[in-house]
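Because the structure is a prediction, the values reported are computed rather than measured.
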There are 2 protein chains.
Amino acid sequence: MGTPTTRSATLDDVARAAGVSRATASRVLGGYGFASPDARDRVAAAADRLGYVPNTAARALVRGGGVRLVVAVVGRDDSLFDDPYVDRVVSAAARVCAPHGFGVTLEWLSRRALSELRRLGDDRSVAGMLLVNTTQEALDAVPASMRGRVASIGIGSPAVPSFDVDNAGGAEAVLRHLHAGGHRRIAMITGPRWLTCAERSVTAYRSLMRAAGLPVRVVRGDFTAARGGRAALEVLDRWPDTDAIYAASDATALGAIAALRGRGVQVPHDVAVAGFDDIPYAAVSSPPLTTATHPVARIATAAATAVLHERRAEPVTFFPSTLVARESA
Amino acid sequence: MGTPTTRSATLDDVARAAGVSRATASRVLGGYGFASPDARDRVAAAADRLGYVPNTAARALVRGGGVRLVVAVVGRDDSLFDDPYVDRVVSAAARVCAPHGFGVTLEWLSRRALSELRRLGDDRSVAGMLLVNTTQEALDAVPASMRGRVASIGIGSPAVPSFDVDNAGGAEAVLRHLHAGGHRRIAMITGPRWLTCAERSVTAYRSLMRAAGLPVRVVRGDFTAARGGRAALEVLDRWPDTDAIYAASDATALGAIAALRGRGVQVPHDVAVAGFDDIPYAAVSSPPLTTATHPVARIATAAATAVLHERRAEPVTFFPSTLVARESA
DNA sequence: CGCACACCTGAGAGCGCTATCAGCACAAGA
DNA sequence: TCTTGTGCTGATAGCGCTCTCAGGTGTGCG
């Protein structure tokens with residue numbers, strides 16, 4: 001007596017039970033081609049009764065469509081590794097893929113590993129790719145055969161359909177809030193320079209400040225809390241009269257607040273601090289963090305859906321970011 | 001002129017290029033059976049030259065091994081939905097699966113959807129399952145044919161190899177730290193009752209407190225910050241002389257600190273608060289959170305590896321949790 | 001020399017599915 | 001009557017791979 005090995009019925013089983021050929025069963029279940037109402041009913045009933053589940057592998061093999069979606073993070077440095085942001089993207093993609101029987105795979109690639117990206121693009125089991133926080137050269141490394149099954153997140157390249165948060169809009173919302181609160185000497189701690197999405201925030205900051213006739217004070221960060229802390233201190237050292245800091249990420253903002261507190265600077269009393277992302281802990285930080293939303297799950301869901309359906313999407317789709325005013329600013 | 005459709009070479013291409021049969025090439029590349037050193041070299045060289053990538057779908061089809069790993073979260077309620085914890089598990093699993101060409105799929109199941117779990121267990125494209133924070137009845141719903149390819153995280157059932165953090169050890173480390181800090185009236189905010197891992201913490205708390213002749217003060221939480229805040233207030237109301245709170249998760253602890261601050265209670269001056277998990281933001285909270293580590297990525301990696309290799313694992317594998325003493329306690 | 005016993009190889013049979021294509025029955029038009 | 005459709009169906013040829021099995025070659029031993 002070996003293992004019972006129930007497993008699901010095959011298409012053959014369904015066809016036999018319904019008294020039709022495998023081809024007809026496939027046609028009914030696949031929803032293409034002709035089939036009489038009678039056959040349709042019998043096949044559907046048999047499939048239901050036997051608990052038929054199509055075999056993704058077999059289907060992918062004959063269709064040549066692949067079996068998994070690759071989420072590739074191509075960082076210029078390692079600062080973004082183990083970022084909760086990426087975890088959320090993967091998780092959302094894994095949820096989108098589930099009903100299709102597709103799986104998701106995560107590849108952390110360094111800049112030197114672009115050949116890896118090429119290999120992945122040629123892999124017949126890869127149904128599509130989601131490029132996260134990648135660079136232009138990484139985009140170029142994707143083989144032509146994969147074109148049309150790729151989307152990017154966090155980089156607004158026209159080469160590939162992109163999905164991202166409206167950083168500029170979010171920045172504007174936060175800065176207007178700061179301005180309305182009476183702050184005028186507002187410094188910004190940015191994200192990494194090579195990230196398009198990060199650069200959109202700074203660009204918006206610069207033009208908004210200039211338009212308002214206010215001083216532009218920029219210190220570079222990398223989205224991490226540690227760097228955010230150091231950057232905040234640098235802001236204070238260079239421009240002691242700064243009365244507000246706009247951080248390009250909540251992690252950065254939280255790090256900045258901690259560093260400020262270490263210097264005896266009260267937030268928001270002495271310096272207001274606002275972030276960007278609205279991570280779960282922003283609401284319970286001390287003080288609760290003023291920030292702007294970043295609908296990561298929705299963005300990733302849209303990107304994954306576009307890839308799976310090979311949908312000819314807009315070059316760039318921006319998701320709105322709205323202000324969440326709390327106590328830190 | 002259609003699409004260039006480079007795609008990767010097939011095993012046939014490699015075999016032909018190496019001047020051997022498909023079977024020999026398969027043997028060399030698969031690393032099983034006999035092959036002369038000469039054939040081995042030629043095949044390896046050809047595969048390398050042609051950039052051969054095995055087709056996961058085809059392999060899974062013939063081996064019947066499936067093509068994806070299902071991460072199933074079966075919650076008794078929705079409180080754990082969208083939990084960063086689950087995102088980390090999925091992400092870690094997706095990384096483990098990548099080199100195997102397997103994908104990961106995420107299923108959020110309510111308690112009523114156990115039939116879904118059964119369906120998944122019969123799906124031939126499912127290589128294995130990772131049950132997260134599940135219940136005993138969910139474990140029982142997994143078909144026998146899937147046995148041996150299932151692991152669980154967050155529930156210590158002997159029915160299935162389990163991987164989890166050593167909650168008891170972590171609790172002890174935190175409580176000893178609190179005790180050493182002079183705290184004697186220590187209350188605990190727990191996790192959901194139906195979660196085995198959460199219950200392990202309370203059990204440890206109870207026995208440790210009793211052994212030390214200290215009062216046992218337990219308020220139920222659900223791992224969320226919001227509930228943590230309410231629970232902290234309840235602690236204060238019921239036992240006003242409480243001088244320390246041990247929260248079963250960092251989110252709970254952060255919520256508790258925020259609620260306490262709202263009442264004008266200083267942490268750690270009036271009441272010390274310690275958490276569990278050591279999430280990224282614990283280090284930059286105000287005050288920085290004293291907690292114990294929860295190596296989620298390592299746990300998930302081990303679990304996914306065990307499932308993929310169908311390794312006969314120990315019934316329960318506990319990963320150590322170590323104290324991270326910061327300022328909140 | 002015959003025989004066993006390594007060691008190695010290739011033919012071939014599928015895994016479960018899709019998609020093409022020929023064929024069948026029947027109705028309508030020439 | 002013979003065509004020409006129209007609506008439906010079932011063989012059948014693979015997709016790329018694994019793995020069994022029947023062989024083939026060479027070495028050692030009786």
May I have the distance from [X] (atom [atom1]) to [N] (atom [atom2]), rounded to whole angstrom?
| X | N | atom1 | atom2 | result |
| --- | --- | --- | --- | --- |
| D12(B) | dC15(D) | CG | P | 9 Å |
| R22(A) | dA11(D) | CZ | P | 9 Å |
| N55(B) | dC17(D) | CG | C1' | 8 Å |
| F34(B) | dT9(C) | CZ | P | 11 Å |

Task: Option among F223(A), F319(A), Y85(A) that satisfies the ring-ring contact (aromatic ring centres under 6.0 Å, His included) test with H294(A) - done: Y85(A)

Task: Contact summary for S110(A) and V74(A), nearest pair of heavy atoms - done: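 Shortest heavy-atom separation between S110(A) and V74(A) comes out as O-CG1, 4.3 Å.
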
Side-chain N,O ([X]) to OP1/OP2 ([N]) below 4.0 Å:
| X | N | answer |
| --- | --- | --- |
| R63(B) | dT18(D) | no |
| S36(B) | dC7(C) | no |
| T24(A) | dG10(D) | yes |

Task: With D123(A), the salt bridge (charged side-chain N to carboxylate O under 4.0 Å, His left out) member among R68(A), R118(A), R149(A) - done: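 Considering R68(A), R118(A), R149(A), a salt bridge (charged side-chain N to carboxylate O under 4.0 Å, His left out) with D123(A) is found only for R68(A).
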
Task: From Q136(B) atom CD to W194(B) atom CH2, the distance as rounded to the nearest 0.5 Å - done: 13.0 Å

Task: Distance (rounded to the nearest 0.5 Å) between D164(A) CG and C197(A) SG - done: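 The SG atom of C197(A) is 5.0 Å from CG of D164(A), to the nearest 0.5 Å.
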
Open item on the list: Looking only at the side chain of A23(B) (C-beta and beyond, no hydrogens), which of the listed nucleotides dT18(C), dT9(D), dA11(C) gets closest?
Closed with: dA11(C)

Task: R59(A) side chain, from C-beta outward: closest of dG16(C), dG16(D), dC17(C) - done: dC17(C)

TODO: Assign A39(A) to base, sugar-phosphate, or nothing according to its heavy-atom contacts below 4.0 angstrom with the strands shown.
DONE: sugar-phosphate

Open item on the list: Students often get this wrong, so: under 4.0 angstrom with heavy atoms, is A35(A) touching a base, only sugar-phosphate, or nothing?
Closed with: sugar-phosphate

Task: Nearest-nucleotide comparison on DNA chain C, the residue closer to the 5′ end among R27(A) and T10(A) - done: T10(A)

Task: Any donor-acceptor N/O pair, R42(A) side chain to A18(A) backbone, under 3.5 Å - done: yes

Open item on the list: Let me check the geometry of the helix from dC1(C)-dG30(D) to dA30(C)-dT1(D). What is the bend angle between the axes at its two ends, five pairs each, to 10°?
Closed with: 70°

